[in-house]
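Please read the structure below before turning to the comments.
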Amino acid sequence: MRTKVRNLLRMGVSESLAVTCGSSGKSYWRNAKTEGIHIALNNELFQKMGLISLRDRWVEIHYG
């Protein structure tokens with residue numbers, strides 16, 4: 001639980017939201033739908049990691 005909160009704080013989530021998300025008893029799958037996780041794991045992060053957007057790729061294939 002502490003690791004989750006610490007990582008969320010490091011990724012820019014506010015303290016109250018990080019504690020709420022990090023201490024949740026929900027499974028990872030259900031917790032993924034929370035606001036704190038959406039703030040921490042946004043599209044910009046995935047672009048920095050070098051991942052491509054499946055939506056953008058689909059649009060490129062079908063309309064580009």
| task | State, with a plain yes or no, whether a side-chain heavy atom of L8 is found less than 4.5 Å away from one of C21. | result | yes
| query | With sequence neighbours left out, which residue pairs that include part of residues 54-64 fulfil the side-chain hydrogen bond (donor to acceptor under 3.5 Å, both in side chains) condition? | reply | R57-E60, W58-H62
For residues 41-49, run the donor-acceptor check on the side chains, cut-off 3.5 Å, and write out each pair with its distance to 0.1 Å, sequence neighbours left out.
residue, atom, partner, partner atom, Å
N42, OD1, E44, N, 3.3
N42, OD1, L45, N, 3.0
N42, ND2, I39, O, 3.4

| How many angstroms lie between atom CZ of R2 and atom CG of N7, to the nearest 0.5 angstrom? | 14.0 Å
| query | What about I37 and V13, same hydrophobic cluster or not, with Ile/Leu/Val/Met/Phe/Trp/Tyr joined at side-chain heavy-atom distances under 4.5 Å? | reply | yes
| message | According to a hydrophobic-cluster definition based on side-chain heavy atoms being under 4.5 Å apart (Ile, Leu, Val, Met, Phe, Trp, Tyr only), do L17 and Y28 belong together? | response | no
